[in-house]
Amino acid sequence: KQEVTQIPAALSVPEGENLVLNCSFTDSAIYNLQWFRQDPGKGLTSLLLIQSSQREQTSGRLNASLDKSSGRSTLYIAASQPGDSATYLCAVFQGAQKLVFGQGTRLTINP
Amino acid sequence: NAGVTQTPKFRVLKTGQSMTLLCAQDMNHEYMYWYRQDPGMGLRLIHYSVGEGTTAKGEVPDGYNVSRLKKQNFLLGLESAAPSQTSVYFCASTGQGGNQPQHFGDGTRLSIL
């Protein structure tokens with residue numbers, strides 16, 4: 001059974017810092033991996049999707065990498081801003097496009 | 001551009017009552033999903049559908065039923081609500097091909113007393 005783990009569970013950093021969020025998964029037979037953002041009381045917003053054949057994807061200040069062989073993905077956020085404060089979730093695609101989610105990293109950016 | 005719309009947004013039920021949660025998407029997506037999100041448990045898949053008229057069980061299907069009579073709608077039913085079903089329910093949809101992101105609604109916050 002696929003298990004997805006995100007470390008740390010919570011992270012607090014001052015504004016302007018670059019930071020890395022980690023995601024690991026136990027079964028490397030995935031189609032792709034998706035990073036989401038969730039604001040309090042809201043649904044999930046898709047940030048980046050990395051295909052299994054890709055190594056990384058970039059969108060603005062966000063860069064996500066994927067290493068299938070080691071079962072790891074990282075989300076890099078450059079020049080963090082208070083508006084980046086949210087919970088970040090990673091999820092892996094497995095069969096019939098079912099997503100298996102990690103429990104998320106709650107990120108706080110302090111002004 | 002509505003995307004994925006869930007109704008209602010909030011609901012309080014008494015144990016044993018029934019209700020239906022509605023999910024509608026306007027992106028012509030084939031695949032639709034119902035998840036529940038609980039503290040410490042993350043998001044778990046309840047049921048999903050790969051096309052109109054089809055449904056399948058996810059990780060935690062017990063106590064729920066679903067229907068996909070129209071491509072744009074996916075209904076989640078609770079026949080006899082239990083306190084353990086208190087949760088936030090999310091609907092999501094995506095297109096075919098395995099290379100498209102899932103789009104989520106804003107959730108339905110359901111309390112069972």
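Below, each value reflects all heavy atoms present in this structure, side chains not excepted, and no hydrogens, waters or symmetry copies.
In this model, no donor atom of one side chain and acceptor atom of the other lie less than 3.5 Å apart for N18(A) and S80(A).
Note on S46(A), A9(A), G41(A): by heavy-atom pairs under 4.5 Å with chain B, the leading option is G41(A).
Interface remark: L43(B) contributes backbone and side-chain atoms alike to the contact with chain A (heavy atom separation under 4.5 Å). Within the 4.5 angstrom heavy-atom criterion, only side-chain atoms of R109(B), from C-beta onward, approach chain A. For E59(B), the part lying under 4.5 angstrom from a heavy atom of chain A is the side chain only.
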- Item | Residues R61(A), D84(A); criterion salt bridge (charged side-chain N to carboxylate O under 4.0 Å, His left out); working and verdict | CA-CA 10 Å; R61(A) 293 183 294 108; D84(A) 294 330; 2.9 Å; yes
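Here the side chains of L33(A) and K68(A) are not in contact, with every heavy-atom distance at 4.5 Å or above.
The heavy-atom pair separating R44(B) from D38(B) by the smallest distance is NH2-OD2, 2.9 Å.
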